[in-house]
Student: 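This structure is in structure tokens; I'll ask about it shortly.
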Amino acid sequence: MTDITFQIEFIGGSRDGDVEEATAAPPFCEVRVGPDVMEIYERQNDKPPFIYVQIGYVGNHTWN
């Protein structure tokens, strides 16, 4: 059985303009941009293509 994929697009941050295929779209996601820094993105809509907007940064720990 194959997973269903859909497009997600990133707005802002280091991934600005990136579009990729995904199998999940959680409300928030973290993207590592350095050994001790992650960008936080928030999903903006409920149907594909999903849009994620950068809402901040976090150091070397879980943000929520």
Side-chain angles (χ1 to χ4, degrees):
M1 185 171 139
T2 60
D3 289 328
I4 296 172
T5 62
F6 41 82
Q7 287 188 334
I8 61 173
E9 180 178 351
F10 292 91
I11 307 293
S14 66
R15 307 279 318 266
D16 189 37
D18 286 356
V19 176
E20 64 180 53
E21 293 291 317
T23 58
F28 297 93
C29 69
E30 299 173 351
V31 174
R32 185 164 298 282
V33 293
D36 297 326
V37 177
M38 290 184 282
E39 294 173 333
I40 308 302
Y41 289 85
E42 180 179 32
R43 190 182 71 220
Q44 299 296 301
N45 56 343
D46 292 329
K47 294 182 181 179
F50 294 105
I51 306 296
Y52 281 85
V53 173
Q54 184 202 18
I55 60 169
Y57 293 90
V58 66
N60 196 17
H61 60 280
T62 303
W63 70 277
N64 56 357

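In this text the structure is predicted, and so the values were computed from the model without any measurement. Numbers here simply count residues along the sequence, with the first being 1.
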Student: In Å, rounded to the nearest 0.5 Å, how long is the span from CD of Glu20 to CD of Glu9?
Tutor: 11.0 Å

Student: Exactly one of Phe28, Phe10, Tyr52 should register a ring pair (Phe, Tyr, Trp, His ring centres under 6.0 Å) with Tyr41. Which one does?
Tutor: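 By the ring pair (Phe, Tyr, Trp, His ring centres under 6.0 Å) criterion, Tyr41 pairs with just one of Phe28, Phe10, Tyr52: Phe10.
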
Student: Which residues pass the side chain to side chain donor-acceptor pair (under 3.5 Å) test with Asp18, not counting sequence neighbours?
Tutor: Arg15

Student: If you measure from CE on Met38 to SG on Cys29, what distance do you get to the nearest 0.5 Å?
Tutor: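 Between atom CE of Met38 and atom SG of Cys29 there are 11.0 Å.
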
Student: Could you work out, with side-chain contact (heavy atoms from CB on, under 4.5 Å) as the rule, every residue matching Pro48, not counting sequence neighbours?
Tutor: Phe6, Phe50

Student: Apart from Ile11 itself, what residues make up its hydrophobic cluster when side-chain heavy atoms of I, L, V, M, F, W and Y under 4.5 Å apart count as a link, directly or indirectly?
Tutor: Ile51, Val53

Student: Is a donor on one side and an acceptor on the other found under 3.5 Å between the side chain of Arg43 and the backbone of Asp46?
Tutor: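 No, the answer is negative, given that no donor and acceptor are paired below the 3.5 Å cut-off.
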
Student: Quick check against the 3.5 Å criterion: does Gln44 have a side-chain atom that pairs as donor or acceptor with the backbone of Glu42?
Tutor: yes

